*Asks:* 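I have a structure I would like to understand better, so I am pasting it below and will then ask my questions one at a time.
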Amino acid sequence: MTCVEGGSRRVVIVGGGQAAGAALRTLRQLGYAGQVALVSDEVHLPYERPPLSKEYLWGKEHALRWIAPDAGANARCAIGRTALACDAASRTIALDDGSTLPYDVLLLATGGVPRRLSVPGSGLAGVHCLRSAADAAALRGSIARCAQQQRALLVVGGSWIGLEVAAGAREAGVEVILAEQGERLCGRTLPAAAADWLRDLHAARGVDLRLRTAAVRLDGEDGAVRSAQLSDGTQVQVGAVVAGIGISPNLSLARQLGLHVRSGIVVDRHGRTSAPHVYAAGDVAEQACPWHGAGIRIETWDNANRQGEAAARHIASLDDAGAAPDAAGHAAPPWFWSDQYGVNLQVLGAPTCGDEVLAGRSDGNGPLFVHLRDGAVVGAVGIDRARDMRRLRKLLAQRPAWRAQDLAVEGFF
């Protein structure tokens with residue numbers, strides 16, 4: 001496939017995650033003939049992030065998979081470099097080594113910065129967040145020391161990353177204390193029934209789960225964390241701490257360019273921002289989602305991959321079928337997964353936006369929760385239900401307004 005126009009335009013992609021890698025890969029696959037530059041502050045080309053809290057965290061180096069290992073002959077990759085400033089008038093990006101990159105089209109795939117603990121003692125050695133391969137390697141070392149010294153790992157935040165780290169640590173024989181400030185685990189993305197199921201899974205595997213509990217102080221010895229004071233009044237002895245309390249979108253360049261920003265950079269279905277020639281994709285981008293009924297940032301692999309591909313297709317001035325809704329004019333539902341203790345959990349659509357929940361047939365597997373809004377299916381959560389979730393994902397992508405009776409006909413109930 002070849003580009004019909006725009007082959008001489010210079011494209012700069014800022015970011016090193018899934019959206020940036022998907023855009024770079026797509027431009028190459030489409031035979032884009034213009035110059036492409038990728039700027040990433042990591043020392044790697046873009047790589048898959050899900051293994052960071054799974055296989056890669058536990059020493060399987062081969063699990064670090066490159067998204068675009070062959071960037072193409074017309075691509076320049078400025079890895080280990082930070083984009084400090086954007087000049088909209090001259091269309092240039094200033095890098096931390098003093099160089100500048102000119103662009104005709106700019107794609108901001110700058111992702112987010114992990115929220116760090118801000119309590120006394122949070123600067124001690126052994127206190128971690130997890131966003132990059134370097135973060136994973138450092139956390140791996142701290143957890144190994146926990147095992148050697150028979151100390152607990154404190155996970156602050158019942159997020160997906162926090163839970164995956166907790167599951168891996170328990171499987172490695174490390175004591176785990178998990179403090180979640182909210183009423184339930186994964187409160188932003190998981191409805192109550194599924195959250196309760198997940199809580200019980202972790203409790204059954206020996207995690208000391210403490211809901212409605214926060215870390216209020218960390219204390220150390222010889223510069224390393226050794227204990228934590230929790231808001232439930234207890235003090236726990238720990239060997240390492242990992243914060244899974246979300247990210248803040250990296251909006252510095254967007255604000256310099258005066259882009260329309262709400263929860264993230266506001267984009268249309270092609271990734272176009274409020275400024276000509278500027279696109280955004282991935283965790284930093286807010287896009288209208290009919291499943292949520294609002295503009296939302298969706299922090300998932302699938303969303304970043306879709307948005308990166310969509311932006312690249314539009315930049316390449318090809319037909320935009322890959323970025324647009326399908327022929328029926330319906331957007332595919334958001335989707336993500338998590339693996340914990342060998343259990344696969346998948347979330348489809350926007351189940352937290354439902355007003356009614358139905359339980360599907362079990363077939364001897366884990367539960368299937370289907371969520372309705374005004375009688376129509378708006379999302380689902382399946383636990384060890386990969387086949388059913390794959391079928392449901394395909395059905396919901398085909399057309400909107402599936403109802404419980406429709407799914408009964410399809411054999412889900």
Side-chain angles (χ1 to χ4, degrees), residues 50 158-160 163-164 167 180 182-205 209 211 287-294 296 298-303 305-306 325-413:
S159 64
W160 294 105
L163 291 169
E164 288 176 358
E180 163 55 44
E183 297 286 328
R184 64 174 187 255
L185 301 176
C186 302
R188 289 195 305 115
T189 54
L190 208 56
D196 289 347
W197 193 97
L198 191 56
R199 176 201 63 205
D200 293 344
L201 173 67
H202 278 267
R205 299 302 180 103
L209 266 171
L211 299 178
Q287 192 173 53
C289 177
W291 297 89
H292 290 87
I296 187 172
I298 299 178
E299 300 169 10
T300 67
W301 176 94
D302 182 62
N303 185 68
N305 199 59
R306 286 174 183 267
D326 62 20
H330 181 55
W335 167 76
F336 69 92
W337 78 96
S338 178
D339 294 318
Q340 300 171 35
Y341 306 109
V343 174
N344 176 254
L345 189 148
Q346 297 188 34
V347 179
L348 185 63
T352 56
C353 296
D355 53 28
E356 182 182 0
V357 58
L358 303 175
R361 53 178 173 70
S362 68
D363 284 350
N365 297 314
L368 172 67
F369 303 104
V370 177
H371 294 261
L372 311 177
R373 181 173 62 210
D374 298 327
V377 177
V378 71
V381 180
I383 299 168
D384 273 344
R385 301 294 290 269
R387 181 175 177 274
D388 285 330
M389 292 299 285
R390 186 164 54 248
R391 286 182 59 226
L392 189 55
R393 186 182 176 197
K394 183 177 180 180
L395 292 173
L396 295 181
Q398 289 173 346
R399 67 173 175 86
W402 283 85
R403 308 185 81 80
Q405 56 266 36
D406 300 322
L407 296 186
V409 171
E410 294 289 337
F412 288 95
F413 298 107

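For clarity, every value in this text was computed on a predicted model and none was experimentally measured.
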*Asks:* With a 4.5 Å cut-off on side-chain heavy atoms, are L209 and L185 touching?
*Replies:* yes
*Asks:* Would you say the side chain of P334 lies within less than 4.5 Å of the side chain of H292, judging by non-hydrogen atoms?
*Replies:* yes
*Asks:* Output, in order, the C-alpha distance, side-chain angles, deciding distance and verdict of side chain to side chain contact (heavy atoms under 4.5 Å, CB included) for L358 and H371.
*Replies:* CA-CA 6 Å; L358 303 175; H371 294 261; over 6 Å; no
*Asks:* Is the closest side-chain heavy-atom distance between F412 and R391 below 4.5 Å?
*Replies:* yes
*Asks:* Would you please test T189 and V347 for side chain to side chain contact (heavy atoms under 4.5 Å, CB included) and show each step?
*Replies:* CA-CA 8 Å; T189 54; V347 179; 5.7 Å; no
*Asks:* If you round to the nearest 0.5 Å, how far is CZ of R184 from CG of L211?
*Replies:* 11.0 Å
*Asks:* Between D200 and W197, is there a donor-acceptor pair closer than 3.5 Å when you use the side chain of the first and the backbone of the second?
*Replies:* no
*Asks:* Atom CZ in R393, atom CG in L348: separation rounded to 0.5 Å?
*Replies:* 7.5 Å
*Asks:* Hey, are the side chains of T352 and L190 touching, using non-hydrogen atoms and a 4.5 Å cut-off?
*Replies:* no
*Asks:* Does a salt bridge link E180 with R199, judged by any charged N lying under 4.0 Å from a carboxylate O?
*Replies:* no
*Asks:* Please tell me if the side chains of F413 and L407 come closer than 4.5 Å, counting only heavy atoms from C-beta onward.
*Replies:* yes
*Asks:* For P351 versus V381, what's the shortest heavy-atom pair and its separation?
*Replies:* CG-CG2, 4.1 Å
*Asks:* Could you pull out the closest heavy-atom pair between G354 and R373, with the gap in Å?
*Replies:* CA-CB, 4.4 Å
*Asks:* Using a 4.5 Å cut-off on heavy atoms from C-beta on, say whether the side chain of P191 contacts that of F369.
*Replies:* no
*Asks:* Are the side chains of V357 and L372 in contact, using a 4.5 Å heavy-atom criterion?
*Replies:* no
*Asks:* Is a side-chain donor-acceptor pair under 3.5 Å present for D339 with N344?
*Replies:* yes
*Asks:* Looking at every non-hydrogen atom in both residues, tell me the closest pair between L395 and E410 and how far apart they are.
*Replies:* CD1-CG, 4.0 Å
*Asks:* Once rounded to the nearest 0.5 Å, what's the spacing between atom SG of C186 and atom CH2 of W160?
*Replies:* 4.0 Å
*Asks:* Using side-chain contact (heavy atoms from CB on, under 4.5 Å) as the criterion, list what pairs up with T300, not counting sequence neighbours.
*Replies:* I298, D302, N303, F336
*Asks:* Side-chain contact, heavy-atom cut-off 4.5 Å: H202 with L163?
*Replies:* yes
*Asks:* If the test is side-chain contact (heavy atoms from CB on, under 4.5 Å), which one of L201, I383, D384 qualifies with L345?
*Replies:* I383
*Asks:* Distance check, rounded to the nearest 0.5 Å: R387 atom CZ versus L392 atom CG?
*Replies:* 12.5 Å
*Asks:* Say you draw a straight line from CD of Q398 to NZ of K394; how long is it, rounded to the nearest 0.5 Å?
*Replies:* 6.0 Å
*Asks:* Heavy atoms only: give me the nearest C289-I296 pair and the separation to one decimal.
*Replies:* CB-CG2, 3.7 Å
